[in-house]
Number of protein chains: 2
Amino acid sequence: MTSIRDIARVCGISVGTVSKALNGYKDVSKETVRKVNQVARELGYTPDSLARAMRTNTTHNLGVLFIDKQQSGLRHEYFSSVLESFKIGAERRGYDITFITGNVEGSPWRSYLAHCRYRKCDGVLIAGVDFKDQDVIDLANSEIPVVTIDYKYEGQPAVFSANQHDMGALTKYILYRGHRDIAFIHGEDTIVTEQRIAGFEGACREAGVTIPDDYIVEGLFHNPDRSFQATKELLNLGNPPTCILYPDDYSTIGGRNALQMLGLSVPEDISIAGYDGIMMSRVTSPTLTTLRQDSFAIGRKAVDKLIDTIEFPDEDNDEVVTVAGQLYRGGTVGQYQAKE
Amino acid sequence: MTSIRDIARVCGISVGTVSKALNGYKDVSKETVRKVNQVARELGYTPDSLARAMRTNTTHNLGVLFIDKQQSGLRHEYFSSVLESFKIGAERRGYDITFITGNVEGSPWRSYLAHCRYRKCDGVLIAGVDFKDQDVIDLANSEIPVVTIDYKYEGQPAVFSANQHDMGALTKYILYRGHRDIAFIHGEDTIVTEQRIAGFEGACREAGVTIPDDYIVEGLFHNPDRSFQATKELLNLGNPPTCILYPDDYSTIGGRNALQMLGLSVPEDISIAGYDGIMMSRVTSPTLTTLRQDSFAIGRKAVDKLIDTIEFPDEDNDEVVTVAGQLYRGGTVGQYQAKE
DNA sequence: CTCTTTTACGAAAACGTTTTCGGTAAAAGT
DNA sequence: ACTTTTACCGAAAACGTTTTCGTAAAAGAG
């Protein structure tokens, strides 16, 4: 590979001057800059990020920690979508991204933080993980700038989807359609779940509707099997709900299967709604009533916040940005009519 | 950050010995190895991949070039799925991955190859791109080991989905269901398309069925809009087909919308089939008849082949691996019955 | 006891950059 | 004719490793 040294030799000048010429320093003549650039092009020179990073102590490399509990990885459409816009934003600002993994057999690191340090990430996106995991906390408390999605660490910036507000909007819509017996199969015990339950209960309270305890059942994110089971349980109650909310669109699949198995049709016999607004929700028949998260904006805000924190560490970066989603009415929540 | 030097100072030995101790060299006493490891742990030492890479000239970093023409990026479920298994395989063998991009405004590189060189990737996965693009060809012809998916460069290893065979199987199933007037909306002019057309035509020929020219129409991969339009055109023919094949499951959405608009129901009035076997195809009603590509195996074979090429360059690595998919019968191809 | 082999370690170069600190010559000011 | 400024460039250190080569001491062989 051709290095800065080769250019120096051909031009008959020192490596220091070549470096300065390539990086636009002021103390180098117009003429040498021209010459250096020409020779660099002729020799097919590409800089070496490693050497540069070693010297400057910045890699222009962002870590991405992204391990949902269901291990769906990139197959998780909502996260993939967030990641895609994060990636595009990063590229535009000259950063590459690296996936952070923990203790993999045979790797030179033993934790997320060690992996980040090994690769010398300038900053890390943390999303979709167990935020209470000590390894994750260690990373968040380290010297490495961090941005989280849907969780807030003290002193670190965060991006939130407007879970409470949006869930409130979705619930209000369902109430507006006349439903009063609304069940909510929610996800694991996380901030997101707390916020969504708060939004759900807030909207019900506001409408003067009381929800029995056994209508609020714990399911799992991104897990159709669990939704299948939880749906069956709900329908075995003395007074089954007329509408069921699921942790996300993907889990809804399981719920739908359960309903079909029981011979119930949507939305005639029972109504359902998801959350996320993934592609799939738009192509079922009828289309799924859901709340579309603005995954594009979330990824974009996250990467901008992260890079700002990296490049301008002096400014106030302990901030939380909230991104609102959009209600999609779909066709799975019917107008409620009292049974005869 | 604590470096090898710190360990050396604490132990009272030289950095070279520390390095050797940590890397399991034989010419260092049991006792010093123990001491070094202990001190390393106490000081929270993590190696610096940059310095290591600089010296050894290997980064343990794989590039991923992955730009479908429709710019779906990670939102492309089939590719995401391949990538996920590629990534997992890479991690298990101690490699990280970096997305390769071309000419982004403000980046220090101007081409895919330059980006790979800048980041000193040990090898690159090339998939889903325009393989005739000069920038891609330059990369494939470079000093960097490469593996391609669904395309073969001379002298480089490749992984193929069994497109011709699998498309043959899908077509045979449709013929078996009694259809004779089968149209094929195929994707862009690529090897994949060639192979699939070959598989399609081969099966028809074998069954003694002749397909009129205007039944084979050029569509676009991963583009429902184009499928929407092409479907309408097919149904405007004098003798419209009784079954339509699409470039992939995702494009099928457009076709379905067109059929619905025309008041045709699937599979009663007309049959359709997709390709890929993405999640979505399993949740529509009826489920989509399609050919499930084994994305997991494809990603896995690709990464293994690539790393083998990197680590054992002497062996024969100009090889092509073929991965078969699986026919999923679904419910969108009905038994054909002659119209009255 | 002498010679050879083995064991364990250190010194130092190298990887490709960036950046500081001078330094020299020409240009400008007095 | 002197000093001061300006413009341009080079030498060298530094970043954290790996790895070669040399060597001193210990161990083994005769």
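So that the names make sense, note that chain A is the first sequence line, chain B the second, and so on, each numbered from 1. Just so it is clear, the model here is predicted, and its values are computed rather than measured.
- The cationic group of A:K152 does not satisfy the cation-pi geometry with A:F160, failing either the under 6.0 Å distance to the six-membered ring centre or the 45° limit from the ring axis.
- Taking every heavy atom of both residues into account, A:K132 and A:Y151 meet most closely at CE-OH, 3.8 Å.
- Put simply, CD1 on B:I7 is 12 Å from P on D:dG16, counting in whole angstrom units.
- Going from atom CZ of B:R117 over to atom P of C:dG16 covers 14 Å, rounded to whole Å.
- What separates CG of A:L50 from P of D:dT18 is a distance of 14 Å, to the nearest Å.
- For D:dT17, the OP1/OP2 oxygens have no side-chain nitrogen or oxygen of A:Y118 closer than 4.0 Å.
- Side-chain atoms of A:R75 and B:S81 form a donor-acceptor pair, as typed in the model, at a separation below 3.5 Å.
- Between the C1' atom of C:dG16 and the CE atom of A:M54 lies a distance of 10 Å, rounded to the nearest Å.
- Checking C:dC15, D:dT17, D:dT19 against the side-chain heavy atoms of B:R52 singles out D:dT17 as nearest.
- Rounded to an integer number of Å, the gap from A:R9 CZ to D:dG10 P is 15 Å.
- Distance, A:I4 CD1 to C:dT19 P: 11 Å, rounded to whole Å.
- Distance, B:R5 CZ to D:dA13 C1': 12 Å, rounded to whole Å.
- Remark: the B:S161 side chain and the B:Q293 side chain contain an N/O donor-acceptor pair separated by less than 3.5 Å.
- The stretch residues 13-37 of chain A comes close to DNA chain D through A:I13, A:S14, A:T17, A:K20, A:D27, A:V28, A:S29, A:T32, each having a heavy atom under 4.0 Å from the strand.
- The aromatic rings of A:W109 and A:Y118 sit tilted relative to each other, their planes meeting at an angle between 30° and 60°.
- Side chains of B:T98 and B:N61: a donor-acceptor N/O pair is present below 3.5 angstrom, by distance only.
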